[in-house]
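Please read the structure below before turning to the comments.
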Amino acid sequence: MLDKNGIAKRIARELKDGYYVNLGIGVPTLVANYIPEGMHVTLQSENGLLGMGPFPTEAEVDPDLINAGKQTVTTLPGSSFFDSATSFGMIRSGRVDLTVLGAMEINDRGDIANWKIPGKMVKGMGGAMDLVASAKNIIVAMMHTNKAGESKLLTECTLPITGLGCVKKVVTDLCVMDITDRGFELKELAPGVTVEMVKNATAGRLVVEGEIPTMEI
Amino acid sequence: MLDKNGIAKRIARELKDGYYVNLGIGVPTLVANYIPEGMHVTLQSENGLLGMGPFPTEAEVDPDLINAGKQTVTTLPGSSFFDSATSFGMIRSGRVDLTVLGAMEINDRGDIANWKIPGKMVKGMGGAMDLVASAKNIIVAMMHTNKAGESKLLTECTLPITGLGCVKKVVTDLCVMDITDRGFELKELAPGVTVEMVKNATAGRLVVEGEIPTMEI
Amino acid sequence: MNKVVANADEAVRDIKDGMTLMLGGFGLCGIPENSIAALVRMGVKNLTCISNNAGVDDFGIGLMLKTRQVKKMISSYVGENDEFERQLLSGELEVELIPQGTLAERCRAAGAGIPAFFTPAGYGTEVAEGKEVREFNGKMYLLEHAFDSDFAIVKAWKGDTDGNLIFKGTARNFNPMMAMAGKITIAEVEELLEPGELAANEIHVPGIFVNKIFKGVNYEKRIEQRTVRQN
Amino acid sequence: MNKVVANADEAVRDIKDGMTLMLGGFGLCGIPENSIAALVRMGVKNLTCISNNAGVDDFGIGLMLKTRQVKKMISSYVGENDEFERQLLSGELEVELIPQGTLAERCRAAGAGIPAFFTPAGYGTEVAEGKEVREFNGKMYLLEHAFDSDFAIVKAWKGDTDGNLIFKGTARNFNPMMAMAGKITIAEVEELLEPGELAANEIHVPGIFVNKIFKGVNYEKRIEQRTVRQN
């Protein structure tokens with residue numbers, strides 16, 4: 001089984017040289033720590049920064065330089081600033097190559113629910129609905145089951161939807177799955193995880209074909 | 001009767017301190033020569049310049065600095081450059097206080113025709129349709145009649161329309177008229193022009209009420 | 001024609017009860033601190049505020065929530081604010097949640113004289129309820145409208161007396177579109193310069209969009225998530 | 001992942017017969033001179049060109065008209081070009097005339113992922129023929145669509161190897177929106193710099209929109225209306 005860093009590490013293997021990437025808050029943010037040495041990946045922060053650098057040292061902290069999670073960050077050579085309309089323009093026009101998001105639930109058609117829990121204070125969708133409606137390549141990073149042990153990979157989402165048919169791949173603590181017309185296609189198992197464990201933890205349509213390799217991370 | 005410079009000079013009296021103004025090609029451009037001393041008027045050029053200065057000296061000529069008539073121009077302190085989308089954004093959102101345009105024909109409801117003559121090579125509307133569709137205050141500068149002596153102030157335009165019901169005022173070689181629900185309201189006569197001459201030269205609905213003063217220019 | 005006003009109190013004095021305001025900023029970054037303080041001093045009420053976030057309990061728009069000046073928030077994300085949550089749950093405060101990109105584009109549309117546009121964000125979700133849906137090239141979109149606001153209040157880094165603005169870093173965010181969108185736009189700036197002191201090629205918002213400008217004072221620029229690395 | 005190509009010929013080599021190109025510039029100001037020359041050398045045919053103007057007889061897009069490479073021009077104004085007029089009247093060339101602001105906004109929409117928007121320009125004119133009309137707040141608007149193009153070719157003043165661009169003066173015009181709109185965007189620049197040499201706050205087009213970039217040579221920058229004052 002993978003921990004949060006393991007999930008981030010596995011997702012980092014989907015990166016390609018030259019990619020522009022938007023990383024959501026939480027586990028997705030950790031992906032930045034595993035960008036392969038020598039690979040040129042540019043991080044987009046939807047509040048108006050392309051080319052996000054690491055967190056600042058104490059001396060570098062600048063209140064006018066934050067990321068979409070409101071954390072202080074830095075720039076890199078080649079960074080650019082822009083307004084929010086331009087930022088979502090690049091997102092909607094499909095210029096971001098890869099978007100990594102957390103989710104509360106997904107279903108076997110690629111719908112995602114990650115912004116609202118009925119009965120709880122709703123904080124808002126932020127940029128999530130724009131991202132899921134436009135990104136051509138969305139990977140979801142999440143635990144396979146919730147704290148009650150129930151599957152988060154469903155036939156139908158029970159929570160309010162953030163976007164329809166947008167998730168292409170999901171990486172959980174248990175496995176990597178592609179989402180295709182046939183449902184969740186099991187592609188790789190986390191170390192120590194069996195197909196049986198994935199079957200038990202997946203409520204949506206599951207496709208298991210041939211030998212499923214254990215992932216390299 | 002007014003010549004082109006006289007028309008421009010009269011229109012310049014409509015300027016107010018702080019105005020942002022877009023001047024069309026031809027006679028409207030001449031208005032810039034008559035901005036009253038000490039009045040702060042900012043000229044907008046729709047190719048992406050706010051705060052257009054005078055023509056350059058030979059030494060100042062810069063091919064990267066032209067106006068919408070493709071003439072070399074200069075900037076002034078406080079000038080700004082922007083792209084064409086922003087430029088027409090400021091036009092459409094009504095930030096330009098006064099727009100002065102030439103016309104081939106106008107009618108007594110404020111419609112304007114100034115872009116196309118059937119049977120002649122059509123060069124295009126440029127920014128004229130955007131300007132007339134959005135400007136809150138449009139003054140037309142033109143001769144009262146065409147070369148054949150026919151009125152250009154009509155009941156219905158005969159040429160293809162550039163925009164509907166947009167002209168608020170017209171200054172011709174003969175007079176100043178406001179365009180209201182009642183038609184062309186004669187407001188001022190050019191020096192040496194009689195009401196009779198205006199009546200003879202105006203085909204659209206004409207309103208003449210009370211004593212018509214001779215204009216001060 | 002002078003756009004320069006002495007301070008925030010003078011800048012906001014024409015704002016009346018019940019008006020709709022746009023306020024720039026993302027989180028606490030790039031917010032018009034001086035103008036918010038002046039609105040609190042002034043006590044104007046029943047405001048509708050269009051702003052990406054609603055501040056925190058004791059800073060930003062949070063200060064106006066505490067004094068019950070806000071009737072409705074139009075935002076994309078309103079976390080990090082206990083007083084907000086209390087007022088919302090008690091029904092004292094209305095909130096309309098809008099996808100962040102749609103929020104930005106609805107501001108941009110207002111400033112560009114575009115009354116409505118199609119965007120894919122929110123299709124198939126509750127955001128789509130009551131909205132026109134249309135397909136373009138096999139993909140579904142919602143019709144969204146330009147925001148209508150009485151005042152826009154923005155914060156810039158540098159400005160000149162003609163109203164030209166330059167923002168700094170990610171403090172730019174919603175400020176340029178809101179500056180362009182306001183029926184009346186108020187800009188507060190850290191440095192107020194003479195015309196010509198800003199390079200024409202580097203101006204983010206041309207002065208035509210700005211009606212009132214003043215030099216702000218005592219910027220606190222509070223940081224929500226101070227995150228540092230050891231080096 | 002290297003965006004830098006050696007020259008214009010390499011930049012345009014994937015452009016095929018029948019494609020739709022956006023070309024930046026207003027008149028002859030800010031046009032991609034090197035790329036146009038390369039397209040002429042390459043001889044690619046049946047192009048649809050979206051550009052505010054069509055150049056003059058012996059410069060700009062006029063050079064591609066002379067070699068009969070253009071099937072259709074989509075522009076707001078096409079004067080100052082005898083060869084253009086001859087081909088148009090003889091039926092060899094199609095032309096679609098579009099209000100300049102609508103042209104700019106249709107480029108901007110493409111770059112912003114907005115498939116369609118309402119604009120007032122052209123209502124009640126022949127431009128409105130066949131278009132959806134809708135009233136907003138008592139005013140009439142037309143529905144206009146984002147442009148669909150295969151390549152956008154723009155000219156910037158300074159660029160870096162990450163594709164970030166800065167334009168100079170009124171040579172900016174349509175270039176930024178077109179850079180954002182192209183499925184593939186080619187930028188030619190007068191100065192090609194290393195990442196970090198352009199200030200992040202001053203960049204007009206972020207590199208994410210630019211696919212290929214090269215340093216242009218021998219810019220002629222012809223002036224259409226050289227107008228000077230005596231001093």
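Residue numbers begin at 1 in each chain, while the letters A, B, ... track the order of the sequences.
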Discussion item. Shorter than 4.5 Å, heavy atoms on both sides: which option in A/Gly124, A/Ala133, A/Ser84 has the most such pairs with chain C?
Written reply: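 Most heavy-atom pairs within the cutoff with chain C belong to A/Ser84.
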Which donor-acceptor pairs under 3.5 Å do side chains of residues 110-117 of chain C form with protein atoms, sequence neighbours excluded?
none

Practice prompt. Give, as side chain, backbone, both or neither, the part of A/Thr162 having an atom under 4.5 angstrom from any heavy atom of chain C.
Written response: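 Backbone of A/Thr162 only, per the 4.5 Å heavy-atom cut-off to chain C.
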Worksheet item: Side chain, backbone, both or neither: which part of A/Val122 has an atom under 4.5 Å from a heavy atom of chain C?
Response: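 Contact with chain C involves both backbone and side-chain atoms of A/Val122.
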Discussion item. Treating A/Ser151 as the side-chain partner and A/Ala201 as the backbone partner, does any N or O pair qualify as donor plus acceptor under 3.5 Å?
Written reply: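 Yes: the side chain of A/Ser151 pairs with the backbone of A/Ala201.
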Item to complete: State plainly whether the residues C/Lys183 and C/Asp148 are in salt-bridge range, i.e. N to O under 4.0 Å.
Response: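 So C/Lys183 pairs with C/Asp148 through a salt bridge.
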Practice prompt. Inspect the contact between C/Asp57 and C/Arg86 and indicate whether a charged nitrogen and a carboxylate oxygen are less than 4.0 angstrom apart.
Written response: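 Looking at C/Asp57 together with C/Arg86, the answer is no, because their closest N to O distance does not fall below 4.0 Å.
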Discussion item. Filter on salt bridge (Lys or Arg N to Asp or Glu O under 4.0 Å), then keep only pairs touching residues 108-132 of chain C, sequence neighbours left out; what's left?
Written reply: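 Pairs touching residues 108-132 of chain C that pass the test: A/Lys116-C/Glu126, C/Arg108-D/Glu105, C/Lys131-C/Glu144, C/Glu132-C/Arg134, C/Glu132-D/Arg134.
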Contact part of [X] toward chain A, heavy-atom cut-off under 4.5 Å: side chain, backbone, both or neither?
X	value
C/Phe167	neither
C/Asn175	neither
C/Ile223	side chain
C/Leu28	neither

